[in-house]
Structure formats: structure tokens, C-alpha cells
Undergrad: 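Got a structure here, written out as C-alpha cells. Questions coming.
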Amino acid sequence: MIRGLLVIAALLGLWELYCVLSGVDQLVLPSPTDVGHALWTDRGILWSALLVTAGELLLGLSVALVVAIAAAIGIHLSRSLRNSVYPVLVASQTVPIPVIASLLVVWLGYDTGPKVVIVALVAFFPVVVGILDGLAGIDPELDLVARSFGAPRLRRFRLVEAPAALPGALTGLRIAVVISVIGAVFAEQAGGDSGLGFVIQQALPQLLTARAYAAVVVLSALALAAFLLLTAVQTRLLPWTRLRQSEQ
Amino acid sequence: MVSTLELTDVSFTRQRRGAQPLAVLDRISLKLEPGETLALVGPNGCGKSTLLELACGLLTPTSGTVQAPPIALMPQRGLLMPWANAVDNAALALRAEGVSRTAARERARDWLVRLGMSEFEDARPHELSGGMRQRLALARTLLAGRPIVALDEPFAALDAISRIEAARWLTSALGESDRSVLLVTHDVEEAAVLADRVVVLSPRPATLVAQVRLAGSVPRLRTSPEVLAAREAILSALGVSG
Ligand SMILES: Nc1ncnc2c1ncn2[C@@H]1O[C@H](COP(=O)(O)OP(=O)(O)OP(=O)(O)O)[C@@H](O)[C@H]1O
Ligand SMILES: [Mg+2]
């Protein structure tokens with residue numbers, strides 16, 4: 001943690017140094033001091049935008065989690081679903097967000113709807129893959145034990161397989177949290193009038209580059225906080241997974 | 001339901017992706033008497049674990065027939081659920097049969113008390129010693145109300161002294177019921193101490209090369225003439241001179 005902060009401080013120092021020495025226009029690249037200044041003066045705008053974006057993320061991730069769990073269970077338990085649905089899921093992930101963003105805006109309007117859907121779309125995939133990996137990674141001997149004890153298929157799933165998939169699900173969720181932040185920004189830029197993505201989009205043409213950078217800083221902080229929160233949840237609730245030091 | 005395990009001319013060939021099929025078992029015939037403890041000994045990799053999986057109905061023989069009542073398996077690594085504490089691990093056998101969580105935990109707790117593990121009820125497997133883990137896996141297997149239990153090297157993680165204790169504990173736990181036991185062990189002496197009959201398997205593909213019957217109650221003393229004689233007989237069947 002401390003080392004992480006030191007690395008960030010060093011990077012900021014280099015950035016500041018570059019801005020001073022190269023004399024680059026602050027409209028092209030604001031220095032960390034400019035960004036810090038914008039963080040303070042625009043704190044009202046940034047705070048309310050943060051609340052909007054965080055709300056979209058929370059909703060979108062919840063939707064993604066519910067759908068991902070259902071999809072993963074279906075794919076795991078049914079070979080025909082695995083063969084039919086799984087390829088579609090993989091293919092769906094290659095559709096660039098801007099392509100569908102406009103369509104969603106047409107369907108769902110400028111409100112929270114399309115943003116939640118886009119966040120959910122982006123977050124959904126890593127969670128499904130994480131859960132499926134967890135389910136597939138169950139120790140074969142444990143499965144033998146449950147079978148020799150006579151547990152029917154669904155009970156075996158509930159008693160042995162589902163808990164075994166928890167660490168995978170959380171790993172997927174940690175990845176999802178970070179990438180869905182980008183999804184939220186795209187969604188807000190495709191149509192909307194609030195959120196950090198919108199702040200960035202508005203700031204650039206108004207030559208408020210430092211404000212855009214400040215919004216990015218807030219976004220990164222949001223993603224980092226969510227990531228660390230999930231890591232803490234994992235260490236707390238799933239202590240046997242013993243996260244490696246580097247991940248803590 | 002059939003009352004006891006009977007293997008008739010069972011052969012098993014393992015199909016392997018990208019490799020030649022592997023002949024593991026060759027025409028094995030075995031019948032387990034009710035209440036009997038049958039030990040299987042044989043060289044590493046000869047197919048003992050495979051034989052147990054066949055007996056438990058987890059694999060289908062390539063040829064021959066397996067007739068068996070439900071058998072509870074304790075696999076070689078005695079696998080526990082890493083996310084569950086000792087009570088819930090032991091309770092798995094009952095929950096698999098559909099017993100409610102509370103009732104299953106209650107009965108599992110009784111067993112942990114008898115095992116001298118009541119202090120570790122809430123410990124997860126990674127907080128237990130290897131020996132305790134194995135005892136817990138054994139308790140879990142015995143808690144399954146199955147007429148036969150198949151134990152694959154149940155004492156492998158125990159030191160010499162604990163093995164003797166565990167053997168005593170196992171026989172007393174089994175003594176209360178008339179369950180039969182299929183016991184795989186690499187310890188020839190242990191087989192002679194615990195079993196009513198020892199079956200010796202050849203290297204893979206395993207055939208049945210010898211059977212040694214032992215009389216008297218178990219566990220026998222390691223130094224008893226009965227055990228020493230059986231040990232000689234088993235070792236010579238394995239082609240090792242003791
Ligand atoms: N899942 C598997 N896939 C491929 N081969 C396997 C598999 N399981 C076992 N085998 C092979 O089958 C043979 C018999 O294995 P098995 O585990 O039954 O031996 P074993 O007598 O229990 O050995 P050990 O004393 O070392 O436990 C071995 O040659 C092993 O390599
Ligand atoms: Mg084995």
C-alpha cells in the first residue's frame with residue numbers, strides 16, 4: 001500500500017517535471033498542480049457527478065451479478081446451454097459499446113436506463129467466466145465424495161459446487177468493477193446530462209482540460225476503492241482463499 | 001437392494017486423450033462378506049483407487065459386473081471442503097442425504113466430540129493438522145449411513161503412533177455397526193492388524209494374486225504371530241522378501 005503511494009507520488013513528480021520543463025500548453029496537458037486545483041475548485045460538480053456515476057455502477061453491477069449467476073448456473077448444469085449460449089456470450093463481448101449505446105438511448109431514453117444496461121453488459125462477462133471457472137475448478141475428489149454420499153445433482157450443486165465457485169465469482173467481480181467504470185463513462189458520453197463521463201465530455205470542448213483530468217482522477221479513485229472493498233470482502237468472507245500478498 | 005458388494009470378472013481400461021488406453025484392472029472377482037473388513041494391498045499405481053471408484057459406482061467397468069449397495073467413499077486425499085468448518089465438513093454426508101442443516105450439525109458435533117476434536121468445531125480445514133483433517137474425513141465418511149465404506153489410505157497422513165491410535169478408533173467406531181469396510185492401504189502390517197481378509201493385487205493391470213485370511217478380533221497387536229505370519233504371506237505374494 002505504502003509502496004503503491006510512493007509509486008504514484010513518483011509518477012506525479014515526473015509528470016509535473018515534464019509539464020514545467022517542456023512548457024507544454026496546459027490545455028493539452030495540465031500539470032498535477034492544475035489538476036489538484038481543479039479537483040478543489042470544481043469539487044461541487046465532481047461530487048454530484050461522482051454520485052451519479054457511482055449509482056449507475058452499483059445498479060449495473062447488481063444487474064450483472066444476478067444475470068451472471070443465473071447464466072453461469074444454466075451453462076454449468078446444461079450441456080445444451082453451454083453449447084448454445086456460451087458462444088453467444090463470448091461474441092456479445094466483442095460488440096463495441098458506442099455501437100449499441102446509441103441504440104440503447106433510442107430504446108431507453110436519456111435516463112439512467114441505458115447506462116445501467118451498458119455497465120451490466122460490460123460487467124457481466126468477467127463474472128460469468130469467473131463463476132464458470134470456479135465451478136469447473138472444483139476438486140474432482142470432492143465431487144466423488146458428494147456423489148458417493150448419494151447427493152442428487154442439484155443438492156450436489158448447492159452443497160459442494162456453489163461454494164467452491166465463490167472465489168472465482170469474486171475475482172470476476174473485481175475485474176468487472178474496474179472495467180465497468182469505463183463502460184459507465186462511454187454510456188454517459190453517448191447520451192446523458194450527468195455523471196463523470198458527461199463532465200469529461202463537456203470540459204474538453206470548453207478548454208477546461210484540468211477539470212477533465214480531475215474527473216478522471218475521481219473515476220480512478222472510485223474504481224480503486226471498489227476494487228479494494230471487494231478484496232477486503234474476499235479476505236473477510238473467504239479466508240481460505242488466502243489472497244496472495246500482492247493482491248491485498 | 002443388494003446387501004453386499006460383489007465384483008465379477010471386472011476389467012477396467014482407462015481411455016486417455018492423446019494416449020494409448022490404459023488397462024488398469026484385469027478380471028477381478030471379489031465378494032465382501034457382511035461386516036467384513038477387507039484390505040486391498042498392491043504396488044503404487046496398480047489400480048486400487050480405481051477399484052474403489054468402480055465399487056462405489058463412480059466408474060463403469062469395461063467388462064464384468066459390479067453389484068453393490070450404496071458405498072460411502074473416502075478418497076485418497078481425504079478431501080474436505082475448504083470453505084466449511086469442521087462441523088459442516090463432517091455434516092456433509094448427512095446433508096447429502098437431505099438431512100436438515102441443524103440436525104446434521106448436531107449429529108456431526110457428537111462425532112467430533114468422540115474424536116476429541118470438539119475444540120476445533122469451528123476451525124476450517126486449513127487450520128487443522130494433516131492428521132486431524134484425515135480423522136475428520138473419516139468421520140464424515142462414517143456419518144454417511146451407508147452399509148459399506150470404502151477408505152482409500154485413510155491413515156496416510158498420520159505418523160506411526162497416531163496410526164495405531166487411529167486404527168483403534170476406527171475399529172471401535174465400526175464395531176458399533178455391522179458395516180463392511182473396503183480398506184486400501186500401502187502398509188502391509190496395518191492391513192494385517194485391521195482386516196479380516198487381505199487381498200493382494202499385482203502391478204497394473206491388476207489381477208488378484210493372493211488372499212490372506214486372518215482370524216480373531218481387531219485391532220490385532222502388531223507383534224502377534226497372526227500378524228507376522230500374514231505379513232510374510234502378503235509380502236511374498238507381492239514378490240518382496242520380508
Ligand atoms: N484420471 C485419470 N486419468 C488418467 N489415468 C489415470 C487417472 N486416474 C488414474 N489413472 C491411472 O490409472 C492407474 C491406476 O491408478 P490408481 O489411482 O487406481 O492406482 P493406485 O493403486 O490407487 O495407486 P496409489 O497406490 O499410488 O494410490 C495409474 O497408472 C494411473 O496413472
Ligand atoms: Mg490410490
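Every chain is numbered from 1, with letters handed out A, B, ... down the list of sequences. Every value quoted in this text rests on a predicted model; they were computed, and no experiment measured them.
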Undergrad: Given that the side chain runs from C-beta out, which part of B:Ala144 has a heavy atom under 4.5 Å from chain A: side chain, backbone, both or neither?
TA: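 Side chain only.
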
Undergrad: For a 4.5 angstrom cut-off between non-hydrogen side-chain atoms, does A:Arg153 reach A:Leu77?
TA: yes

Undergrad: Please flag which part of B:Leu73 lies under 4.5 Å from any non-hydrogen atom of chain A: side chain, backbone, both or neither.
TA: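 Looking at B:Leu73, backbone and side chain both touch chain A.
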
Undergrad: One pair to check against side chain to side chain contact (heavy atoms under 4.5 Å, CB included): A:Phe149 and B:Arg140. What are the steps and the verdict?
TA: CA-CA 10 Å; A:Phe149 289 169; B:Arg140 173 177 74 179; 3.6 Å; yes

Undergrad: Quick one: what part of B:Arg95 sits under 4.5 Å from any heavy atom of chain A, side chain, backbone, both or neither?
TA: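 For B:Arg95, heavy atoms of backbone and side chain both lie under 4.5 Å from chain A.
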
Undergrad: Indicate yes or no: does A:Arg156 engage A:Asp143 in a salt bridge with an N to O separation below 4.0 Å.
TA: yes

Undergrad: Would you tell me whether B:Ser180 and B:Glu36 have side-chain atoms, one donor and one acceptor, within less than 3.5 Å of each other?
TA: no

